[in-house]
Amino acid sequence: MKKFSVVIAGGGSTFTPGIVMMLLDNQDRFPLRTLKLYDNDEERQKTLGDALAILLREQAPEIDFSYTTDPEAAFSDVDFCMAHIRVGKYAMREKDEKVPLRHGVFGQETCGPGGIAYGMRSITGMLEIIDYMEKYSPECWMLNYSNPAAIVAEACRVLRPDSKILNICDMPVGTLRRMSQIVGKTPAELEVRYFGLNHFGWWTSVKDQSGHEYIDQIRDYVAENGYLTQVEVDTQHTDPSWQETHRKAKDLLAVAPDYLPNTYLKYYLYPDYVLDHMMEHPEYTRSNEVMENREKHVFDHAKKITAQGSAEGIAFEIDAHASFIVDLARAIAFNTHERMVMIVENNGAIANFPDDAMVEVPCIVGNDGPEALTQGIIPQFQQALMFQQVTVEKLVVEAYAENSYQKMWQALTLSKTVPSAQVAKELLDDLISENGDYWPELH
Ligand code: NAD
Ligand code: G6P
Ligand code: MN
């Protein structure tokens, strides 16, 4: 089988070790000749890179492993770039979550004003790595899951329309795993129909290969329990705040019971609930939870491996849930025609939605990229919510491209999460000052 050269951009990410372990676990399906880590933070990269170098020497010496902060070294001779960067790192995620609270609006990584602020930072970082990729390896594909994926995908559509970049989110995969447990199947046995935007969608069908439809059974379960399952199926979303999110899906379903909701809709359908909840501990948000747990755990663990000079008995955990990234790489590399929910330009997939909207729908992925499957006409309730949200995302990208304060103010004003133009303006001025040089100058 052909062997591939991969660079992970955001090599200092909390997810990098789990993804490297997952890649090692998938060598029979997606063999590597070269694996490189690239980050623009030398210290983070070195801490994880040193530990992973030891681990790879022990477990996969045949793979040429290296880490670097030099774009040319990172992006030369690569077939795939797996991208998970966070421009501004956890210090800025904390601000995304806490600045809006000062204005009576919840703060979240990808939704509402926090997501908008993060989007403005991410576009610059994404364009930078796309340009490196195209300069040093023009044939390379980028598999991107850097957030906020909706805004990033729209920015790529507008600003790098010809780039080989695939945008994907793990939430549809993660929730399908929960659904599969609810009905006693494996995720591979189930096929879905789904429509929406990233972090803003609904499942309309969940069938097995024989054509049996499970949506009623899952609906009955979710109406009682949300997506909370008996046995924990998803190693990524287990912290208390995530359990609460899975449970809340029950109330999302109640609003529009025909379809099964993406958990992220809680930020748009129940923003007051989210705010009240956050205001119980405004100084301690999800970023604090991650910094104290996942980030600390991963970096401490790396230091332990390096100090010991061996990963024997203390290897990182395999991030098995991330194997959909290998499915995606294989779909491109081996033309597998895998069916995957991805973020793509609509072009008629959702019949009553603009062609140029970046939507999340099932696609067949082959060596030319994804082909979206048509999802037909969607109901007016979902259509209206999506139209409002997609316009926010488009305005953010226009604000970025045109350095437009006015469009950014409109984006925040239009967000369902912000109560008025006045609050939007005060929030915008605060976000501008807190984001400093991470944002383009707006005037
Ligand atoms: P993290 O802060 O631990 O890691 C991000 C890394 O990116 C940092 O080491 C940082 O130095 C690096 N970075 C920032 N700007 C860069 C640039 N311009 N070039 C190169 N490297 C750069 O964050 P994390 O919690 O591990 O998450 C990483 C990313 O993955 C985030 O964007 C997160 O939202 C995303 N994510 C997406 C999904 C999804 O479903 N789409 C799932 C999980 C995580
Ligand atoms: C889900 C979403 C991602 C998001 C992540 C946050 O996986 O699909 O887009 O980045 O959750 O998880 P965290 O553990 O960092 O809060
Ligand atoms: Mn996501």
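Side chains included, hydrogens not; waters and symmetry mates left out as well; all remaining heavy atoms used. Whatever order the structure lists ligands and atoms in, that order sets their numbers, starting from 1.
The distance from ligand 1 to the heavy atoms of Arg294 drops below 4.0 Å at these ligand atoms: 25 (O). Per-residue contacts place Phe15 under 4.0 angstrom from the following atoms of ligand 1 (heavy atoms of the residue considered): 24 (P), 25 (O), 26 (O), 27 (O), 43 (C), 44 (C). Within ligand 1, counting atoms from 1 as listed, the ones closer than 4.0 Å to a heavy atom of Glu109 are 33 (C), 34 (O).
An N or O contact shorter than 3.5 Å is missing between Thr110 and ligand 2 by distance. The N/O atoms of Arg86, backbone and side chain alike, include none that comes under 3.5 Å of an N/O atom in ligand 2.
The part of Ile168 lying near ligand 1 is the backbone, judged by heavy-atom distances below 4.0 Å. Neither the backbone nor the side chain of Tyr118 has a heavy atom within less than 4.0 Å of ligand 2. Using a 4.0 Å cut-off between heavy atoms, Tyr118 contacts ligand 1 through its side chain alone, with no backbone atom that close. If you look at Ala149 next to ligand 1, there are no close heavy atoms at all, none under 4.0 Å.
Not counting sequence neighbours, the partners of Glu292 by the side chain to side chain donor-acceptor pair (under 3.5 Å) test are Tyr284. Partners of His297 under the ring-ring contact (aromatic ring centres under 6.0 Å, His included) rule, at least two apart in sequence or in another chain, are His301. In this view, Trp203 and Tyr194 satisfy the ring-ring contact (aromatic ring centres under 6.0 Å, His included) rule, not counting sequence neighbours.
Put simply, no part of Tyr145 is less than 4.0 Å from ligand 2, judged by heavy atoms. Contact annotation: Glu289 has no heavy atom less than 4.0 Å from any atom of ligand 2. The shortest separation from a heavy atom of His84 to ligand 2 is not under 4.0 Å, leaving the residue out of contact.
Cation-pi geometry between Lys248 and Tyr270 is satisfied (NZ or CZ under 6.0 Å from the ring centre, within 45° of the ring normal). For the pair Arg219 and Tyr221, the cation-pi test (distance below 6.0 Å, angle within 45°) is failed.
At the shortest separation from atom 8 (O) of ligand 2 among protein heavy atoms lies Asp170 OD1, 2.7 Å.
In the candidate list Glu109, Arg286, Arg294, Arg294 is nearest to atom 15 (O) of ligand 2, counting heavy atoms. With atom 42 (C) of ligand 1 as the reference point, the heavy atom nearest to it among Asp170, Asp39, Thr47 is part of Asp170. The option with the heavy atom closest to atom 27 (O) of ligand 1, from among Lys89, Glu42, Arg86, is Arg86. Comparing Tyr38, Tyr90, Phe324, Tyr145 against atom 36 (N) of ligand 1, the shortest heavy-atom distance belongs to Tyr145.
Tested against Asn288 for a side-chain hydrogen bond (donor to acceptor under 3.5 Å, both in side chains), the candidates Lys98, Glu97, Arg93, His281 yield a single pass: Lys98.
Below the 2.8 Å limit, the Mn ion (ligand 3) has as protein N, O or S neighbours Cys169 SG, His199 NE2.
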